[in-house]
Amino acid sequence: MTQVYGIFGYPVGHSRSPAMHTRAFAALRIDAVYVPFAVAPERLEPAVKAIEALDLSGLNITLPHKTNVIPLLHRVEPDALAIGAVNTVYREAGQLVGMNTDAPGLTRSLLEAGLSLRGLRVTVVGAGGAARASVVGLARAGATSIHVAARRESSAASLVSQLTAAAGAASLHTLPWRPDALAATFASTDLLVQATSATLDDAPAAAELTAALPLSSLPKHAAVVDLVYRPLETRVLAAAKQLRLQTIDGLGMLLHQGAIAFEKWTGREAPIDVMRAALRD
Ligand code: NDP
């Protein structure tokens with residue numbers, strides 16, 4: 001029987017996941033469909049119940065449900081609990097289990113770009129869900145130190161205090177949002193992670209953020225990744241490129257979070273090239 005997978009979001013029409021997973025199922029000749037479900041916030045609970053009632057095989061969860069879905073599941077993996085966000089649900093032994101594939105999705109995309117993550121000194125800009133996933137993913141992958149800078153310093157400080165235990169051996173620090181402090185830490189940063197939504201759609205905020213970041217203080221070997229993938233070359237990445245720094249766009253993270261979910265659901269190796277082409281199309 002045809003298996004049904006899908007994504008719960010609201011709105012969900014913009015999601016690239018249906019195209020990516022549909023092409024992957026077809027490439028591996030798996031008899032499955034992937035459906036975007038527009039689930040209004042007040043309908044999340046019955047929608048989660050419907051996963052079992054309708055025998056759905058696996059789900060992605062996107063905004064605004066990534067946090068609110070947690071108490072509705074039977075079990076949530078520890079990293080997803082620490083991050084406070086579930087983006088993938090799988091079924092195991094009659095239970096609905098939540099996981100977060102954004103964190104390993106980012107690290108896989110960085111490894112694919114040729115970075116070596118062990119011993120890395122990282123600075124993360126932003127303190128929302130994507131920043132939290134980045135911190136946990138990079139700590140798991142062996143980063144030594146992670147500085148977190150946010151325009152509201154209190155949000156960076158609470159991220160750091162909440163994730164210190166999950167970060168294990170990696171040391172987490174709050175980085176004050178001041179030009180001198182940013183410049184001093186950038187000078188000993190190997191990887192800068194742009195994890196705010198400011199660069200999305202090249203809004204005026206993108207130019208303001210780029211001006212606020214002392215990219216020229218980064219060492220010559222540093223890499224800059226922007227998690228935003230619309231546009232692919234954000235203003236921050238364009239400025240980093242001007243400085244001849246290595247730049248990595250957010251499409252790789254999107255691709256690999258999907259690939260890790262696909263592998264969890266199907267037990268098969270994800271057809272990465274097919275999925276990447278579907279995202280690019
Ligand atoms: P959140 O809304 O949870 O967090 C957004 C963060 O950006 C907050 O810290 C916010 O600060 C900060 N911010 C917003 N505007 C500005 C600004 N003008 N200057 C400085 N900081 C700003 O969003 P997410 O963390 O979930 O996502 C962030 C971005 O990452 C999204 O745009 C999304 O496209 C991208 N993303 C990409 C993924 C991928 O697979 N490539 C996966 C997940 C996300 P404040 O609290 O002060 O508003």
Side-chain angles (χ1 to χ4, degrees), residues 2-39 56-66 87-90 99-115 129-130 133-134 137 193-195 197-203 206 223-238 240-241 246-281:
T2 305
Q3 293 179 296
V4 181
Y5 294 85
I7 181 166
F8 288 177
Y10 199 75
V12 78
H14 65 283
S15 172
R16 300 189 193 192
S17 293
M20 175 167 65
H21 288 291
T22 298
R23 293 266 285 273
F25 289 135
L28 299 189
R29 300 185 186 284
I30 296 172
D31 183 11
V33 294
Y34 186 104
V35 185
F37 293 103
V39 176
L56 306 184
S57 298
L59 270 305
N60 284 130
I61 308 292
T62 189
L63 299 178
H65 304 312
K66 283 180 162 188
N87 76 333
T88 300
V89 174
Y90 60 93
M99 69 185 291
N100 185 301
T101 66
D102 283 335
L106 171 64
T107 53
R108 266 206 208 178
S109 79
L110 297 173
L111 292 170
E112 184 180 65
L115 262 58
S134 305
V193 181
Q194 195 306 103
S197 48
T199 56
L200 192 61
D201 293 333
D202 202 25
V224 179
V225 58
D226 196 325
L227 306 191
V228 167
Y229 50 83
R230 211 181 63 218
L232 271 187
E233 185 173 276
T234 64
R235 208 166 267 260
V236 167
L237 290 188
K241 210 180 206 176
Q246 181 183 355
T247 57
I248 300 156
D249 65 48
L251 206 69
M253 177 177 178
L254 181 68
L255 167 67
H256 286 287
Q257 63 76 29
I260 295 165
F262 185 92
E263 287 167 3
K264 189 76 202 173
W265 294 330
T266 64
R268 306 272 301 271
E269 192 179 326
I272 293 289
D273 292 340
V274 169
M275 295 171 85
R276 194 191 318 270
L279 286 180
R280 289 237 165 91
D281 292 350

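Residues: numbered from 1 along the sequence shown.
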State, yes or no, whether a side-chain contact exists between [X] and [Y] at a heavy-atom distance under 4.5 Å.
X: S109; Y: L255; value: no
X: Y34; Y: S17; value: yes
X: N60; Y: H21; value: yes
X: L200; Y: R230; value: yes

If you compare all heavy atoms of [X] against all heavy atoms of [Y], which two are closest, and at what distance to 0.1 Å?
X: D226; Y: T199; answer: OD2-OG1, 3.1 Å
X: A261; Y: T101; answer: N-CG2, 4.0 Å
X: G9; Y: T62; answer: CA-CG2, 3.6 Å
X: I248; Y: L115; answer: CD1-CD1, 3.9 Å
X: R16; Y: L251; answer: NH1-CD1, 3.9 Å
X: I7; Y: I61; answer: CG1-N, 4.5 Å

Distance check, rounded to the nearest 0.5 Å: [X] atom [atom1] versus [Y] atom [atom2]?
X: T247; Y: L237; atom1: OG1; atom2: CG; result: 5.5 Å
X: H65; Y: N87; atom1: NE2; atom2: CG; result: 13.5 Å
X: Y229; Y: L279; atom1: OH; atom2: CG; result: 8.5 Å
X: W265; Y: Y90; atom1: CH2; atom2: OH; result: 12.5 Å

Quiz item: Between E233 and A238, is there a donor-acceptor pair closer than 3.5 Å when you use the side chain of the first and the backbone of the second?
Solution: no
Quiz item: Between E112 (side chain) and H256 (backbone), is there a donor-acceptor pair under 3.5 Å?
Solution: no
Practice problem: Report the residue from L106, N100, D102 that forms a side chain to side chain contact (heavy atoms under 4.5 Å, CB included) with Q257. | Solution: D102
Quiz item: Just checking, is any N or O donor in the side chain of Q194 or T234 under 3.5 Å from an acceptor N or O on the other one?
Solution: no
Quiz item: If you look only at pairs with a residue in residues 22-31, which of them pass as a side-chain hydrogen bond (donor to acceptor under 3.5 Å, both in side chains), with sequence neighbours excluded?
Solution: T2-D31, R23-D281
Practice problem: Give a yes or no on whether Y10 atom OH has more than 12 heavy-atom contacts from other residues, nucleotides or ligands under 6.0 Å away. | Solution: no
Quiz prompt | Residues which pass ring-ring contact (aromatic ring centres under 6.0 Å, His included) with F25, listed by chain and number, not counting sequence neighbours | solution = Y5, F262
